[in-house]
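Notes to accompany the following structure.
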Amino acid sequence: MASTPSPAQPRDQYATHAVTNQPPDLAPYDASEDTALLEGLRREGAGWAEKDVRRLGLRAGSAEAQEWAELANVHEPVLRTHDRYGNRVDEVDFHPSWHHLMRAAVAEGLAGAPWADERPGAHVARTAGGLVWGHTDAGHGCPTSMTYAAVPALRAQPDLAKVYEPLLTGREYEPELRVPTDKAGLLAGMGMTEKQGGSDVRTNTTTAWPTAEPGVYQLRGHKWFTSAPMCDVFLVLAQAPEGLSCFLVPRILPDGTRNTFRIQRLKDKLGNRSNASSEPEFDGTVAWLVGPEGRGVKTIIEMVNCTRLDCVMMSATLMRKTLVEAGHHVRHRSAFGARLIDQPLMRNVLADLALESEAATTLTLRLAGAADRAVRGDADEAAFRRIATAAGKYWVTKRGPAFTAEALECLGGNGYVEESGMPRHYREAPLLSIWEGSGNVNALDVLRALRREPATAQALFDELALAQGADARLDAAVTRLKDQLAAGSETGARRLVEQMALTLQASLLVRHAPAAVADAFCATRLGGDWGHAFGTLPESADLDAVMERALPDVR
């Protein structure tokens with residue numbers, strides 16, 4: 001007969017599942033505790049928003065908001081094509097957590113609100129808000145970004161803008177499909193790409209033919225990647241009699257009937273799982289012309305500038321989020337007799353990641369500042385924005401997947417399991433280099449801007465000149481960049497744009513970051529004293545100073 005433990009013996013001495021040497025939950029934490037972000041917010045003219053950004057940072061890092069993010073990704077959106085009676089409805093059902101995230105984002109002004117805010121720095125404040133609220137879930141950033149970007153495009157048609165802009169810039173989230181003008185706030189989506197062309201939208205085959213009512217058309221065609229199909233209105237490209245044109249397509253028509261918007265399926269995506277991306281079919285779909293016929297690309301170009309900025313912002317946010325996760329883990333985990341944070345090689349890895357993160361955040365806020373000043377009429381800033389946003393979008397989003405992979409590795413096997421959240425961030429990272437033009441598209445767009453808009457090159461070098469003489473490696477990089485620009489060929493476009501982005505990041509850090517940060521960045525990214533993976537900073541780098549700035553409680 002098996003013996004039973006004596007009452008004097010504690011049962012837990014036989015337990016095999018005692019948990020030691022594991023970090024506590026990160027949440028709650030302050031997602032706005034980021035020196036580079038707060039400094040950039042003030043520097044770019046939105047210091048007035050710091051209190052709100054800090055408040056939002058605490059909310060983003062709360063246990064409640066982090067749980068919303070997890071649940072919205074576990075319980076993915078579900079397509080419902082028909083109701084119980086057989087009526088076609090084409091709706092997508094979301095978990096309540098998605099709606100909590102959306103309601104908070106819209107209320108905090110992360111959708112169209114800056115266009116209605118006359119304060120200088122309003123667009124910078126929104127970007128900073130995105131950099132902290134993005135610590136929750138990336139998926140719901142898609143509809144808020146598209147809503148933000150739709151406003152300037154819609155202004156190409158003043159009569160439509162007069163009706164819809166006050167609703168797109170509102171702070172009320174009403175997810176139910178109703179007549180748009182009966183709602184307190186609207187969300188906008190986009191229907192640009194098609195299966196035969198992707199980014200080459202000029203090959204679109206969706207057709208638009210005018211009706212008897214001026215400005216009103218009917219569409220017929222199939223879109224390939226239309227995210228957030230539960231938005232209220234969509235900007236859609238289609239071939240009108242005079243060529244590719246932009247149209248406004250509401251889900252619900254003014255008389256309360258449903259517009260033809262047949263959702264064929266939801267995309268089964270690598271990441272961005274909380275957000276629904278769809279393939280809608282148009283067949284007699286009612287649409288209103290936005291801008292002149294045949295000028296569809298020109299009409300949406302301002303939208304592209306806005307969404308590319310958000311791609312940079314979201315990549316920078318993923319970097320910061322995964323850096324914070326990695327830093328938290330290594331502070332509480334020990335191996336081979338010491339905490340991971342105290343081991344020299346781990347410190348090199350984290351310091352290298354911290355450099356990349358600060359450079360991405362600093363560039364993001366500089367681009368937001370340029371956007372804010374450009375929309376207020378600054379021609380020089382508009383030229384800088386045009387070239388720097390495309391270059392930044394190319395480079396920062398390219399760095400995202402490698403960065404998140406390295407941050408995940410800091411957690412070892414703990415980071416490879418879904419419960420850690422790191423796989424979700426890793427899957428999200430590649431989207432941002434694909435959305436709004438993949439790497440080649442962005443690199444070629446930079447070349448196009450340089451050739452067609454000479455003011456863009458001048459604006460870039462005027463910006464770089466602000467740091468002239470402060471670092472010999474930066475000065476040499478600027479000289480190399482000028483030589484590359486003179487030679488500029490399509491074959492070398494990626495190399496050119498990479499050098500452009502790195503030189504711009506270095507110049508910003510030389511001007512605004514502590515010497516230890518700027519020196520380490522210039523030595524590695526410009527001076528070549530670096531390996532081919534993160535964690536290869538030179539012996540001369542002040543790892544402690546770099547890490548203390550990025551993660552103040554590393555000790």
Side-chain angles (χ1 to χ4, degrees), residues 36-37 40-41 43-46 49 53 105 109-115 117 120-134 138 141-153 168-169 188 190 192 227 235 300-320 359-376 378 381-400 431-439 441-443 445-446 449 456 459-460 463 497 500-501 504-505 508:
L37 185 155
L41 177 73
R43 186 170 57 247
E44 297 298 336
V53 170
L110 304 185
W115 300 105
D117 193 336
H123 296 267
V124 178
R126 173 192 175 269
T127 299
L131 284 166
V132 298
W133 185 247
C142 182
T144 58
S145 178
M146 292 188 296
T147 303
Y148 172 65
V151 172
L168 291 168
T169 59
M190 301 175 191
M192 306 297 175
S227 280
L235 290 176
I300 66 168
I301 195 66
E302 184 64 17
M303 176 192 302
V304 171
N305 283 329
C306 293
T307 49
R308 283 182 176 173
L309 170 60
D310 278 6
C311 287
V312 182
M313 174 191 76
M314 293 176 190
S315 285
T317 304
L318 275 175
M319 290 182 188
R320 180 63 190 176
T361 297
T362 302
L363 177 58
T364 298
L365 290 166
R366 175 65 184 94
L367 296 177
D372 192 86
R373 290 182 280 275
V375 300
R376 300 177 197 284
D378 189 322
E381 286 290 86
F384 172 77
R385 174 200 188 192
R386 171 69 180 91
I387 196 74
T389 300
K393 197 276 185 187
Y394 170 82
W395 182 242
V396 175
T397 63
K398 281 284 181 213
R399 300 299 288 155
L431 167 64
L432 299 165
S433 61
I434 296 171
W435 183 24
E436 211 57 82
S438 58
V441 171
N442 272 266
D445 185 52
V446 170
T456 59
L460 176 65
E463 176 78 13
V497 178
M500 190 180 294
L504 179 56
Q505 286 181 319
L508 291 169

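When every heavy atom of A391 is checked against every heavy atom of M500, the shortest pair comes out as CB-SD, 3.9 Å. Annotation for L131 and A316: closest pair CD2-CB, 3.9 Å, computed over non-hydrogen atoms. Closest approach of W115 to Y148, counting heavy atoms only: NE1-O, 2.8 Å. Residue G112 comes nearest to T169 through the heavy atom pair O-CG2, 3.2 Å, listed as atom of the first residue, atom of the second, then distance. Shortest non-hydrogen contact noted between M146 and A188 is CB-O, 3.2 Å. L41 and V53 get closest at one heavy-atom pair: CD2-CG2, 4.1 Å.
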- Message: Applying side-chain contact (heavy atoms from CB on, under 4.5 Å) to M314 and T397, what does each step give before you reach the verdict?
- Response: CA-CA 9 Å; M314 293 176 190; T397 63; over 6 Å; no

- Task: Dump the intermediate steps for side-chain contact (heavy atoms from CB on, under 4.5 Å) on V304 and E436, then the final yes or no.
- Result: CA-CA 7 Å; V304 171; E436 211 57 82; 3.8 Å; yes

- Item | Steps toward side-chain contact (heavy atoms from CB on, under 4.5 Å) verdict (L504, F384) | CA-CA 11 Å; L504 179 56; F384 172 77; 4.0 Å; yes

- Message: Before you tell me yes or no, could you show the steps for E463 and R385 under salt bridge (Lys or Arg N to Asp or Glu O under 4.0 Å), namely the whole-Å CA-CA distance, both residues' side-chain angles and the distance that decides it to 0.1 Å?
- Response: CA-CA 11 Å; E463 176 78 13; R385 174 200 188 192; over 6 Å; no

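The shortest distance between side-chain heavy atoms of S227 and P143 does not fall below 4.5 Å. W395 places none of its side-chain heavy atoms less than 4.5 Å from the side chain of S315. The shortest distance between side-chain heavy atoms of L367 and T127 does not fall below 4.5 Å. With a 4.5 Å cut-off on side-chain heavy atoms, V441 and Y394 do not count as touching. Inter-residue side-chain proximity for M303 and L235 is flagged as met; some heavy-atom pair is nearer than 4.5 Å. Contact of the T307 side chain with the M190 side chain is registered, since non-hydrogen atoms from C-beta on lie closer than 4.5 Å. Contact annotation: the side chain of R308 approaches that of N442 to within less than 4.5 Å [non-hydrogen atoms, C-beta and beyond]. Between M313 and D310 there is a side-chain heavy-atom pair separated by less than 4.5 Å.
A search for side-chain hydrogen bond (donor to acceptor under 3.5 Å, both in side chains) contacts involving R386 returns D445, E453, not counting sequence neighbours. Residues that satisfy the side-chain contact (heavy atoms from CB on, under 4.5 Å) test with A125, not counting sequence neighbours, are A46, W48, A49.
Going from atom OG1 of T361 over to atom CD of Q505 covers 10.0 Å, rounded to the nearest 0.5 Å. Atom CG of L309 sits about 8.5 Å away from atom OG of S145, to the nearest 0.5 Å. Atom SG of residue C306 and atom CD1 of residue I301 lie 10.5 Å apart, to the nearest 0.5 angstrom. For the atom pair CG of N305 and OG1 of T389, the computed distance is 6.0 Å after rounding to the nearest 0.5 Å.
Counting only distance, with no hydrogens or angles, the side chain of R126 and the backbone of L110 share a donor-acceptor pair below 3.5 Å. Between the side chain of K393 and the backbone N or O of G437 there is at least one donor-acceptor pair closer than 3.5 Å. Judged purely by atom type and a 3.5 angstrom limit, D372 uses its side chain to pair as donor or acceptor with the backbone of H123.
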